[in-house]
Amino acid sequence: MVRLMDDAVVRAMARWPNVPHVYGWLSLDRRGQWRLQGGTIGNVQLRDFISRNYFAVGDGSYAFQNGPQRVFVALEYAPWVTGLDGASVMRFHTGVPVAQMSAAWMDELGNLLLLTEQGLALLDDRDLDAFTDHMCDAAGKRLDEDQQAAAVEALLEGTDPGATIQFAQSRIPLAPIRAGEVAARFGLVREPKEP
């Protein structure tokens, strides 16, 4: 899904094309909160403005276009964070609904990663218990609590339990991944640096 930047941002970029980029000020935490030099941004309008003008740069890094100035974002884990909004709606940290999921992984720390139309997303850990209720076997049969626990244990140990996730109209495979391999595997630049 392509999101357009605010018109004012596009006009500012055209008016001042050579404004230096900013590094090391803005970050995205594991729960989808924007942080400015470590402190959570509490202003709703500012959070919404950042979310509307957040994008993939194309080299594995992500940024927020603040008028003419590109502000690179440090990623605590993944460039997108998702959360459940009701029983069958999932939203990105930007407020936009997730339209598509095609794969899922759990790392040895219990983080659940989803491949979405935007790219790699981390499920907010507060929604992990509710999301495991959507676990199924390879045939699509819902797992009971004991089977869910066994599947999660296998994933945490790095073993593929043959489980899937049935969410909305999609059934997606669930596989193990090592946390230390995520950035390289998906080409993420978690700490963008000035060239």
Side-chain angles (χ1 to χ4, degrees), residues 1-6 26-35 40-41 44-65 73-107 109-138 140-143 148 151-152 155 160-161 163-177 179 181-183 185-190:
M1 172 166 73
V2 175
R3 293 188 54 170
L4 300 176
M5 290 181 193
D6 289 0
L26 186 64
S27 63
L28 179 67
D29 73 13
R30 293 170 169 268
R31 290 188 167 174
Q33 297 177 83
W34 296 114
R35 301 179 75 78
T40 303
I41 298 174
V44 174
Q45 290 84 7
L46 179 56
R47 289 193 318 249
D48 289 348
F49 180 65
I50 293 170
S51 294
R52 285 193 312 271
N53 296 288
Y54 176 65
F55 65 101
V57 174
D59 63 355
S61 64
Y62 286 75
F64 150 60
Q65 194 69 40
V73 177
L75 307 172
E76 188 173 343
Y77 198 107
W80 300 96
V81 179
T82 60
L84 294 174
D85 182 6
S88 62
V89 177
M90 183 171 291
R91 292 188 183 279
F92 291 107
H93 67 277
T94 58
V96 175
V98 175
Q100 177 185 340
M101 292 182 288
S102 56
W105 299 266
M106 183 175 280
D107 71 18
L109 305 172
N111 296 304
L112 185 68
L113 296 158
L114 303 163
L115 190 59
T116 71
E117 72 275 12
Q118 292 285 14
L120 189 67
L122 174 68
L123 180 70
D124 185 322
D125 63 347
R126 295 171 289 193
D127 289 328
L128 191 55
D129 284 342
F131 202 76
T132 57
D133 290 342
H134 296 272
M135 290 176 68
C136 300
D137 64 16
K141 182 180 176 222
R142 196 70 51 131
L143 301 181
Q148 289 172 14
V152 168
L155 288 162
D160 188 343
T164 61
I165 294 176
Q166 178 75 40
F167 191 79
Q169 303 301 318
S170 302
R171 184 158 23 114
I172 57 175
L174 178 59
I177 192 168
E181 300 170 355
V182 171
R185 181 169 177 180
F186 293 96
L188 301 177
V189 177
R190 287 191 177 141

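For the numbers below, each heavy atom of this structure counts, side chains included, while hydrogens, waters and symmetry mates do not. Quantities reported herein were computed from a predicted structural model and do not represent experimental measurements.
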From CG (L113) to CG (L120), nearest 0.5 Å: 5.0 Å
CD on Q65 to CD1 on I50, rounded to 0.5 Å: 12.5 Å
Ion pair check, R126 and D124, cut-off under 4.0 Å: yes
Closest non-hydrogen atom pair, T116 against A121: CG2-CB, 4.0 Å
Atom pair CG (D133) and CG (D127), whose distance is rounded to the nearest 0.5 Å: 11.5 Å
Side-chain donor or acceptor of S170 paired with backbone N/O of I172 under 3.5 Å: no
Pairwise distance CG(L122) to CZ(R31) - rounded to 0.5 angstrom: 10.5 Å
Nearest heavy atoms of G110 and L128, plus distance in Å: O-CD2, 3.2 Å
Side-chain heavy-atom pair L114, W105 within 4.5 angstrom cut-off: no
N/O donor-acceptor pair under 3.5 Å between R185 side chain and I177 backbone: no
Under 3.5 Å donor-acceptor, T164 side chain and D137 backbone: yes
Residues R30, D125: salt bridge by 4.0 Å N-O rule: no
Working for side-chain hydrogen bond (donor to acceptor under 3.5 Å, both in side chains), residues W34 and S27: CA-CA 6 Å; W34 296 114; S27 63; over 6 Å; no
Reported CG-to-CG distance for the pair L174 and D160, which is rounded to 0.5 angstrom: 7.5 Å
Aromatic centroids of Y54 and Y62 separated by under 6.0 Å: yes
L75 side chain near V73 side chain, heavy-atom distance below 4.5 Å: yes
Distance-only polar pair, side chains of R35 and T40, donor-acceptor under 3.5 Å: yes
Side-chain donor or acceptor of H93 paired with backbone N/O of V81 under 3.5 Å: yes
Check: R190 side chain, Y77 main-chain N or O, donor-acceptor pair, under 3.5 Å: yes
Closest contact, heavy atoms only, V189 versus D59: CG2-O, 3.5 Å
Q100 side-chain N/O to E117 backbone N/O, donor-acceptor pair under 3.5 Å: no
Whether F64 and F49 hold their rings parallel, tilted or perpendicular, with breakpoints at 30° and 60°: perpendicular
Side-chain (Q166) to main-chain (C136) donor-acceptor, under 3.5 angstrom: no
Heavy-atom donor-acceptor pair, D85 side chain to V89 backbone, under 3.5 Å: no
From M90 atom CE to H134 atom NE2, the distance as rounded to the nearest 0.5 Å: 7.5 Å
Side-chain H-bond candidate by donor/acceptor type, W80 with T94, under 3.5 Å: no
Beyond-backbone contact of V57 with F55, side-chain heavy atoms, under 4.5 angstrom: yes
Donor-acceptor contact below 3.5 Å, side chain S51 vs main chain R47: yes
Residue pair T82 / M101, side-chain heavy-atom distance below 4.5 Å: no
Shortest non-hydrogen contact from L143 toward A151: CD1-CB, 4.2 Å
T132 versus D129, closest heavy-atom pair with distance: OG1-O, 2.7 Å
